[in-house]
Amino acid sequence: MLTLLRTTLLFLIMMLLPVKDTLATMQRPTCQLAANSLGHLTFTLDNQTEQIWSLLTWQTPFDAWFSEFITIRHQQTNQKITYQGALAKRAAINADDYLTLPAHSHHVIQLDLSQVYNLSEGHYDVSLISLRLLPHNADLSQPSQEDDFIFVDCPSTQMNIVK
Amino acid sequence: MSKILNLSVVALASSLMSYGALADGIAAKLQMSQNSYNDAQDVMVTVTLTNEEHVPVKVLKWYTAAEGVEESLFKVSADGEQRKYLGAHYKRQAPTHKDYIKLKAGESVSYDVELSSLYDMSATANYEISYNVSSLQLFSPNPGQAKKLARLGIEGIHSDSASFYLEGREFKGGNNKGKPGTGDGGGTTPDGISFTGRCSNSQQSDILAGLAAAKNMAADANQHLATASSSSVRYSTWFGDYNSSRWNTVSTNFSKIESALNDEPLTFDCSCKKQYFAYVYPTQPYKIYMCSAFWSAPITGTDSKGGTIIHETSHFNVVAGTDDVVYGQSGAQSLADTDPAQAIQNADSHEYFAENTPNLN
């Protein structure tokens, strides 16, 4: 009985292994947005994969407020809210421009949108530019082309501003 | 009785002075490599602090240039008239042991300091400078010793003065001239160009050279858009396939860029230390913040000073309201191929079209 159980277990593990491998190579970090009624946006980045990833911090919440990486639209009018932060012209990407995401790491950053958006009371849709990631074996000292990146989209979120 | 006591105090004080346990402390010396400067030259001075005592002395590093200039360290005058310090003043906690540097007996330290970004040197004049700092906390983190030094009247480090002649940029009374409390230390040229954020002489000169190049580039871009045929390779390389409405948008953008550069009151700020070329707030024309990559960029050509000023000017919402859709030449070229509507919104595409390097017709 015990032998049978062992064999079955072994069989099951063998069945699962290749599937797990394929999943690991297909898996990538995920992100989430959540906004509260004061205009605070919480950005969560989860690397639940087995490998290290590098995030290009340009045009992400880690770059506030030197690029326009968020789009906020008023739900009723579909009007885009003007970004009032800075736009920077950058030199070539270098290793310092990446944030390392260790395997099984979790990163949270909170932004106060009212610093750079004039938000009156109402309902808004908030979305983010796609994140640009490189897998752990990429050479960060080499200039990267857009084609080298793996893009990850954050699902957009709704925001109800109450004054 | 009281008279005798007074006398003995005087006697004690003079014995301390003559033995000089910490009497003169630190000597400061200023050295300059030239005695005449033009408006494009930075005014470099080497400060040497020497411990002339036979015991180690600790000096509060806020009052040295050990970590850059963080307080007014100099007395500066132009034709006898004192010049205000324009740099930072820090509000700090009381100093602790780690805020002091120790100089052994006879030991010297030297620092190079650039003065035209720290003091108003826009006037053509004979300048006189001296090292001049005083603080009761200057020499020791030990309050007892500070009191003793105060009693002895030793409260500072002072050097002899050095003098030089400077041909200044002669700012006019613009918005930023001598504005108190901003720490900006700017001025406005006769052409209405203002500087804030402590631009040194050489930085002002770099900006003006970049601006002149940007004006030429904008004029050349407009000339091309007004005269070239719709099969222009220069246009299609940066903005994609010809379409009259997009061509008109680009033409309007460049004519607004050119008039902003020539007719609007531009302000350039030098306080940014980031690795960027520059940045702007698109909702706040016409102020451009220059960052570290700008200073090493060529005047013309790809990613140049002139091109950077075109790029930044195009961002202002009242000018062309461009975005940073993609960065870099190869990114901008692919954007032109795949999405011309986005290319005409992209700041780098405008910059590369204006820089026209390599030269295309």
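Protein chains get the first letters and strands the later ones, always in sequence-line order, with residue 1 at the start of each. The basis for the numbers below is simple: all heavy atoms, side chains too, and nothing from hydrogens, waters or symmetry mates. Just so we're clear, the structure is a prediction, and the values are computed from it rather than from any experiment.
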Centroid separation under 6.0 Å, is that true for the rings of A:Trp58 and B:Tyr327? yes
Within the 4.5 Å heavy-atom criterion, are B:Phe239 and B:Trp247 side-chain neighbours or not? no
Heavy-atom distance under 4.5 Å to chain B: side chain of A:Trp65, backbone, both or neither? neither
Just checking B:Asp241: does its CG atom have more than 12 heavy atoms from other residues, nucleotides or ligands closer to it than 6.0 angstrom? no
Flag yes if more than 12 heavy atoms outside A:Gln76 fall under 6.0 Å of its CD atom; otherwise flag no. no
Side chain, backbone, both or neither: which part of B:Ser296 has an atom under 4.5 Å from a heavy atom of chain A? neither
In terms of heavy-atom proximity below 4.5 Å to chain A, should B:Thr308 be classed as side chain, backbone, both, or neither? both
Residue A:Glu68 versus chain B: region with a heavy atom under 4.5 Å: side chain
